[in-house]
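Before any comments, here is the structure.
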Amino acid sequence: MGAIPAQRETVTRASDVPAHGRGGSETRTTLPGSPLSPGSARTLVRNALTEWAASGLPGTEHLTDRLVDDAVVAVSELVTNAVVHAGTDVELTCRLEEDTGALVVEVLDHHPSRAPRDAEIEAPYETPEYGRGLRLVSRLAESWGVTYRTGAKIVWARLPAEDPIAARDDTEAYAEERALERGLRVAEILAPEPQRAERDRDWLNRGALSFLAEASDLLAGQLDENLVAALAGQLIVPRLADWCAVWLEDEMAGRWGYPRSGDTEGGGGWTADVVAGTGPRLARVWHGSENLIEELRRALEKEPPPSCDSHRTGPVAYPWPGEALGARGVRGTALAYRLVAGGRPLGTLVIGRADLMCFPDEVTGLVEDLSRRVALAIGAARQYARQATISRVLQRGLLPGAVAEIPGVVSALVYEPYDKGGPSGDFYDLFPAGDGRWCFAIGDVQGKGPEAAVVIGIARPWLRLLAREGYRVADVLDRLNQLLLDDATEAADAAARALVGPVPAGDGPQTRFLSLLYGELTPFDGGVRCTLASAGHPLPLLLGAGGEVHTAAHPQTLLGVVEDATYTSETFELRSGDTLLCVTDGVTERRSGSRQFDDGDGLATALAGCAGLNAQLIAERIRRLVHEFSGRPPEDDLALLVLQAE
């Protein structure tokens, strides 16, 4: 019942973006407006170009390592630009021209109201979150531009087979610099010497782009903000600075202190004092010499960066912690960068280098670009943490605190959610309904996460309420079906909007399907009377005391599908030693290659082998057989309930 992932398409056609060639190979995909999308785009394009080259497709004879690297960088920057500016789904297309070997990259978003910003015409450090992306794309591309369509905007770039940077230099100088770029490590490329010429800075920019692309991949996969802070320190030291520190601010407004007006030092924009508040948390300190880290941490904790309303991400001067750095660190320069993502301040990154009057522009610009990527990664990690917290809270309310004990019946339960940190789509319940009746339920909601949790949070209390009001099994399903077609759907959609964002235009409320096995138990002398009904759920199996197995219900429609559906129930008796097994599709549809666990009545066969075992041993044996059916971990929630007459 999970979502189907988007698939990459590879086709051959002509593009309407201006180009010198026609025809060729093309790959395209749709990516979400997420900080993780640039990394996915880089992987997609690099894999596609590698596959084309291996297949010997027309035009691939022009592909070089340089062109592939440039394409990956251009795609990364264009997708980042679209994510930052639009925040909508992004459609990426990469096409190889058959006759020229040029690569055409197109990135379409659905926010055409403003054109992308080119950092060439902006103030050096005043533009939040835009970076130098399009300026760098224009350096790599032969041509680039913006095409507007109804409801969409396409930013495209054409990367020629010939290196546009090398074309501006003589061949000998180009060969020398190419050898330098390919032969030196990134750290060496990113350490400019004062006497380097402007042409050398072109190669510095090319090396910086490679560094940023790799850093983005590394940061994008992290789901813990403290780990992001630690990785930021390792990326910066010693490549770009002697030391760095990362402060993280509390997400609750007002938890940090605010700067006092007029208390600035040296006109550099740094406020020395902070009024009441807990202050930002110093999450990470990193120094090239490990023996200086603790002393540096103590010094920095005395100078926390103030929180302010400015979303400026460029560097401002930070007080130099000379005493903490020993004799060699008496003098130096430190800069602070605000970490801002989605218009929200998340923290501050500070870098420092000893015996330096000021950082080179190449380094300050590169760290500013890196700080934006660090901020996006922290923002993504915090969003994940928020959702995980919501999931844990929801999970505690979705399942019963205790399973009821039924006279004359022994029960056993196995419940294993696929996502250990959040709510699953499976649920169960076993509760007294009054008048000598007990009711049980085991169900599976379409989808996972908070949306499914909302449906379960509505369905399970309604089951209890209707049962205690004396409604029969079939009547309970009738009313729950109507509820799912009304209130539960609206509540789940509201939860989705609150957690994920506005519903895209044209997407209305989505029905939340629920498969459910629901029953009522009434003990009597010599056994238990069971009335149950299955709505789109795997059918329950009845194991007799002699080892025979048969289904104990007939299939009916899922809940939440058909308006005014009418459900029926079946009644039978459980005698001493009889066992009723109820499972979710995580059991029956457990896969091993193309085979499922229940193929050829596999579940019934497994249950027949449990004759003579008590309820707990039956539950454990079925669980073990399901796990052993495949060498891979389960890919769905797993729940099973065993009810055995004493």
Side-chain angles (χ1 to χ4, degrees), residues 398-400 403-411 413 426-445 455-489 511-542 550-575 578-584 639-645:
L398 297 181
L399 302 175
V403 176
E405 294 185 4
I406 306 172
V409 177
V410 177
S411 63
L413 176 75
D426 288 6
F427 72 100
Y428 64 90
D429 205 353
L430 183 59
F431 59 92
D435 299 327
R437 297 175 300 121
W438 280 261
C439 293
F440 65 93
I442 183 167
D444 186 1
V445 177
V455 177
I456 298 173
I458 293 175
R460 197 171 69 85
W462 270 101
L463 281 173
R464 289 194 169 207
L465 177 62
L466 293 171
R468 288 167 179 168
E469 288 294 320
Y471 284 94
R472 297 177 303 170
V473 169
D475 293 333
V476 169
L477 295 189
D478 290 345
R479 284 158 175 77
L480 187 57
N481 177 65
Q482 194 58 46
L483 178 71
L484 288 171
L485 288 166
D486 299 330
D487 297 344
T489 289
T511 301
R512 310 296 164 179
F513 305 142
L514 168 63
S515 76
L516 180 69
L517 178 65
Y518 172 67
E520 179 182 288
L521 300 172
T522 305
F524 65 91
D525 290 339
V528 179
R529 183 173 295 105
C530 178
T531 301
L532 56 74
S534 175
H537 201 78
L539 298 180
L541 296 178
L542 182 59
H550 63 270
T551 58
H554 67 273
Q556 299 181 81
T557 306
L558 284 163
L559 297 174
V561 177
V562 179
E563 189 86 17
D564 298 325
T566 300
Y567 291 87
T568 61
S569 61
E570 300 172 48
T571 300
F572 56 91
E573 293 181 353
L574 292 174
R575 296 291 179 173
D578 290 346
T579 301
L580 185 68
L581 173 64
C582 312
V583 303
T584 59
L640 63 90
L641 174 65
V642 178
L643 300 171
Q644 188 175 69

Review point. Hey, mind stepping through Phe440 and Leu532 against side chain to side chain contact (heavy atoms under 4.5 Å, CB included) and telling me if it holds?
Key: CA-CA 9 Å; Phe440 65 93; Leu532 56 74; 4.2 Å; yes
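- Put simply, the side chain of Arg437 does not reach to within 4.5 Å of the side chain of Leu521, judged on heavy atoms.
- Atom CD of Glu573 is surrounded by more than 12 heavy atoms from other residues, nucleotides or ligands within 6.0 Å.
- For Arg529 and Phe524, the positive end sits near the middle of the six-membered ring, less than 6.0 Å away and at most 45° from its axis.
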Next on the checklist: As a quick check of understanding, evaluate side chain to side chain contact (heavy atoms under 4.5 Å, CB included) for Glu520 and Val473, giving each step before the final call.
Outcome noted: CA-CA 7 Å; Glu520 179 182 288; Val473 169; 3.8 Å; yes
Between Phe572 and Asp578, is the side chain to side chain contact (heavy atoms under 4.5 Å, CB included) condition met? List the steps.
CA-CA 11 Å; Phe572 56 91; Asp578 290 346; over 6 Å; no
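- In this structure the side chain of Asp429 reaches within 4.5 angstrom of the side chain of Arg460, judged on heavy atoms.
- A side-chain donor-acceptor contact under 3.5 Å links Asn481 to the backbone of Gly560.
- Taken to the nearest 0.5 Å, the CG atom of Leu559 stands 11.0 Å off from the CD atom of Gln482.
- Side chain of Arg479 to main chain of Trp462: no donor-acceptor pair is present (N/O by atom type, distance under 3.5 Å, no hydrogens or angles).
- At least one side-chain heavy atom of Tyr518 sits under 4.5 Å from a side-chain heavy atom of Leu477.
- With hydrogens and angles ignored, the 3.5 Å screen pairs a side-chain donor or acceptor of Glu570 with a backbone N or O of His554.
- Salt-bridge annotation for Asp475 and Arg472: present, with a side-chain N of the basic residue lying under 4.0 Å from a carboxylate O of the acidic one.
- For the atom pair CG of Leu643 and SG of Cys582, the computed distance is 5.5 Å after rounding to the nearest 0.5 Å.
- Looking at heavy atoms from C-beta onward, Val528 lies out of side-chain contact with Thr522 at the 4.5 angstrom threshold.
- Counting heavy atoms from C-beta outward, Leu542 and Leu574 have side chains that approach closer than 4.5 Å.
- Here the OG1 atom belonging to Thr584 is positioned 12.0 Å from the CG atom belonging to Leu516, to the nearest 0.5 angstrom.
- Counting only heavy atoms from C-beta outward, the side chains of Val476 and Leu463 approach each other to under 4.5 Å.
- For OH of Tyr471, the number of neighbouring non-hydrogen atoms (other residues, nucleotides, ligands) closer than 6.0 Å is 12 at most.
- Looking at heavy atoms from C-beta onward, Leu514 lies out of side-chain contact with Asp444 at the 4.5 angstrom threshold.
- Between the side chain of Arg468 and the backbone N or O of Gly434 there is no donor-acceptor pair closer than 3.5 Å.
- Interatomic distance, CD1 of Ile442 versus CG of Asp426, reported as 7.0 Å (0.5 Å rounding).
- Of all the heavy atoms in His537 and Ser515, the pair that sits closest is ND1-OG, 2.9 Å.
- Using a 4.5 Å heavy-atom threshold, the side chains of Thr557 and Tyr567 count as touching.
- Across every non-hydrogen atom of Ile406 and Pro523, the tightest pair is CG2-CG, 4.2 Å.
- The two residues Gly536 and Leu558 have their closest heavy-atom pair at O-CD2, 3.8 Å.
- Distance check, rounded to the nearest 0.5 Å: CG of Leu580 to OG of Ser411 gives 12.0 Å.
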Working for side chain to side chain contact (heavy atoms under 4.5 Å, CB included), residues Leu640 and Leu581:
CA-CA 7 Å; Leu640 63 90; Leu581 173 64; 4.3 Å; yes
